[in-house]
Amino acid sequence: MQSESETSVRLRFAPSPTGYPHLGNIRTALFNWLFARHHGGIFILRIEDTDTARKVEGAVDIILDSLRWLGLEWDEGPYFQSQRLSVYRETAQKLLDEDHAYLCYCSPERLEAMRQEQTKRKQPPKYDQHCRNLTEQEKSQLKAAGITPVVRFKTPLEGETTFHDLIYGRVTFKHDTLDDFVLLKSDGYPTYHLANIVDDHLMAISHVLRAEEWLSSTPRHVLLYQALSWQAPRFAHLPMILGPERAKLSKRHGATNISEYQKQGYLPDAMINFLALLGWSLDDRTELLSREELIRHFSLERVGKTAAIFNREKLEWMNGVYLRRLSLGEFVHRAMPFLDRDLPDSVRRPLDESYVSQVLSLIQERAKTLAEVPQLADFFFLDELRYDTGLLLKGKLDAKSATGAITIAWQKLEKLATWDAATLEGILRSLTTELNLRTGEFFGSLRIAITGRTAAPPLFQTMAVLGKEKCLKRFKMTLQLLLPSCPN
RNA sequence: GCCCCCAUCGUCUAGAGGCCUAGGACAUCAGCCUUUCAAGCUGAAGAUCAGGGGUCCGAAUCCCCUUGGGGGCACCA
């Protein structure tokens, strides 16, 4: 599409620093970013920090870090609403001057009592417009009393507001279901409704993509644009992402903060791909899309309307796919910090990169997340394994045959000059035949001896990477543990 | 309580009146491969398209009602 407005596509992501960004917030950021990039528009970052009470220290940094981590780079900002207070106050004053707003002196206590009463009477909680109809005398009395008022919007008493949502279509609200909401708080800060529309207007935002939870406040925003004679942007409400209990995501849902996923070793590209598919799809079969493909194909027409529960298992699968697609060098580069972080302290640092690279070539296709890598690979790094003797004895071979077989293996391998996977395999396979064992049982015992576990990368490659010295040492250790269990 | 939105396999989704005896993906199960694990490949199971009325020659697709779910109703965003 090549409309003339193509050049003025301006999107924004406007989080409030009242907590750490979760999947839902980031999905919103992603869709805004994708839409902007698709149309060659501008992506703006705006911090809506107008709630001084709920402000969380450090939240802004985490928001910025998360966006950077995911590669959702912004073209303008971050703008901070707390630094633009005069703009909102001026707008509030304008609304006041033009009789679209009024001062309200009601105390929080009165409002609370009123709301309780309404709820008790099973009526919708709504401001009763007490201060909307104050006489001049009452006004000057209240003013003289030194009460700091708030500014409320004069919502039209009758009629309705209809707007066209790019995703949900035509939506209508009757004015009498709305109330005279606050625009400017008594601390001088604007509410979301005021600050949001002022900034969207001033920053020439063309499309507002935000979560569906905002759908029902959109008529207020439309009314505000009208009162100010401003052109409203296009609205597109995105379906919600729900927690496992089908409720709005919140802190209580554990690993919902995006930074958690970084810590757990998910790749940005996998996160992006996965999140894009939560509410959007290309067609009936494509699951894996690169950033470029996402940008090229993204469109609001293909955004659905139904809330989605995010499926962690699918994310894990997808992350595994992205992990396997990495070059070995890149995989090593990505996994190194996790090895550093999670390998036991007894493992000497710095880790040897070429050794790590050999190890990880065996680990790469087995990891779903980078955080799993140290777990999967620790036996390559530990000097001495802590064997589970139960495991050794529970092998498919009994203690006696295992001891015998490992002893002979040890003797053969000890003389070996060439230590590579092919040679080891040749020797140990023929030994299997000689001893009249089955590969499954013999290699199984060897695997436990070498790795301390039953599930591990291919035995011979593992032994090759580990090196002769360590392997022989581990065989010996195993024999020592096995010996006491051997009946003579 | 009032208002708004939504409704296809357990989950993410395709489906914009006939191509649907509803397709794909994750997860599950089975088989193959194989020294284990993983990956890969093949296959299976899984949705009376929430229910009920219409409209139409024909409905998952359009309309209405019911039910269910979600969201909103702060001097929070």
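In what follows, every chain begins at residue 1, and chains take the letters A, B, ... in the order their sequences are listed.
When both distances must be under 3.5 Å, the Watson-Crick or G-U wobble mate of B/G43 is B/C29. Nucleotide B/G58 forms a pair with no other nucleotide shown, judged by Watson-Crick or G-U wobble geometry with both contacts under 3.5 Å. Pairing for B/U48 is absent, with no Watson-Crick or G-U wobble pair whose two atom distances lie under 3.5 Å.
In this structure, A/Arg220 fails the cation-pi test against A/Phe153, since its NZ or CZ atom is not both closer than 6.0 Å to the six-membered ring centre and inside 45 degrees of the ring normal.
Comparing the C1' positions of B/G68 and B/A27 gives an interatomic distance of 25 Å, to the nearest angstrom. B/A47 and B/C9 are spaced 9 Å apart, taking the P atom of each and rounding to whole Å. Taking the C1' atom of each, B/U55 and B/G17 are spaced 11 Å apart, rounded to whole Å. Using P as the reference atom, B/G46 and B/C62 are 28 Å apart when rounded to the nearest Å. The C1' atoms of B/C12 and B/G51 are separated by 25 Å, rounded to the nearest whole Å. For B/C19 and B/G15, the P atoms lie 15 Å apart once the distance is rounded to whole Å.
Of the side-chain N and O atoms in A/Arg438, none sit less than 4.0 angstrom from OP1 or OP2 of B/U34. Residue A/Ser281 has a polar side-chain atom (N or O) positioned under 4.0 Å from OP1 or OP2 of B/A14. Distances shorter than 4.0 Å separate some side-chain N or O of A/Arg324 from OP1 or OP2 on B/G40. Considering only side-chain N and O atoms, A/Arg453 lies nowhere under 4.0 angstrom from the phosphate OP1 or OP2 of B/C37.
Applying the side chain to side chain donor-acceptor pair (under 3.5 Å) rule to A/Arg84 yields the partners A/Tyr88, A/Asp199; only residues at least two apart in sequence or on another chain are considered. Shown here are the salt bridge (charged side-chain N to carboxylate O under 4.0 Å, His left out) partners of A/Arg115, two or more places apart in sequence or in another chain: A/Glu112.
Comparing A/Glu365 and A/Pro239 by the nucleotide of RNA chain B whose heavy atom lies nearest to each, the residue mapping closer to the 5' end is A/Pro239.
Under a 3.5 Å cut-off, the side chain of A/Thr50 and the backbone N or O of A/Tyr189 do not form any donor-acceptor pair.
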Please write out each protein N/O paired with an N/O of nucleotides 67-72 of chain B under 3.5 Å, distance rounded to 0.1 Å.
residue : atom : partner  : partner atom : Å
B/G71   : OP1  : A/Lys248 : N            : 2.7
B/G72   : OP1  : A/Lys248 : NZ           : 2.4
B/G72   : O4'  : A/Ser216 : OG           : 3.3
B/G72   : O2'  : A/Ser216 : OG           : 3.2

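A salt bridge does not link A/Asp176 to A/Lys126: none of the charged side-chain nitrogens sits closer than 4.0 Å to a carboxylate oxygen.
The base of B/C3 is not paired with the side chain of A/Thr177 by any donor and acceptor separated by under 3.5 Å.
To the nearest 0.5 Å, atoms CZ (A/Phe380) and OG1 (A/Thr451) are separated by 8.5 Å.
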Sequence-aligned protein contact record of nucleotides 16-30 of chain B, with B where the base is within under 4.0 Å of a protein heavy atom and S where only the sugar-phosphate is: -------BBBBS---

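Among the heavy atoms of the strands, none lies under 4.0 Å from A/Cys104.
Of the residues A/Arg210, A/Glu212, A/Lys305, A/Glu213, the one that meets the side-chain hydrogen bond (donor to acceptor under 3.5 Å, both in side chains) test with A/His237 is A/Arg210.
Across residues 125-134 of chain A, A/Pro125 each have a non-hydrogen atom less than 4.0 Å from an atom of RNA chain B (numbered order). Near-neighbour residues of RNA chain B inside residues 50-64 of chain A, defined by a heavy atom below 4.0 Å, number-ordered: A/Thr50, A/Asp51, A/Arg54.
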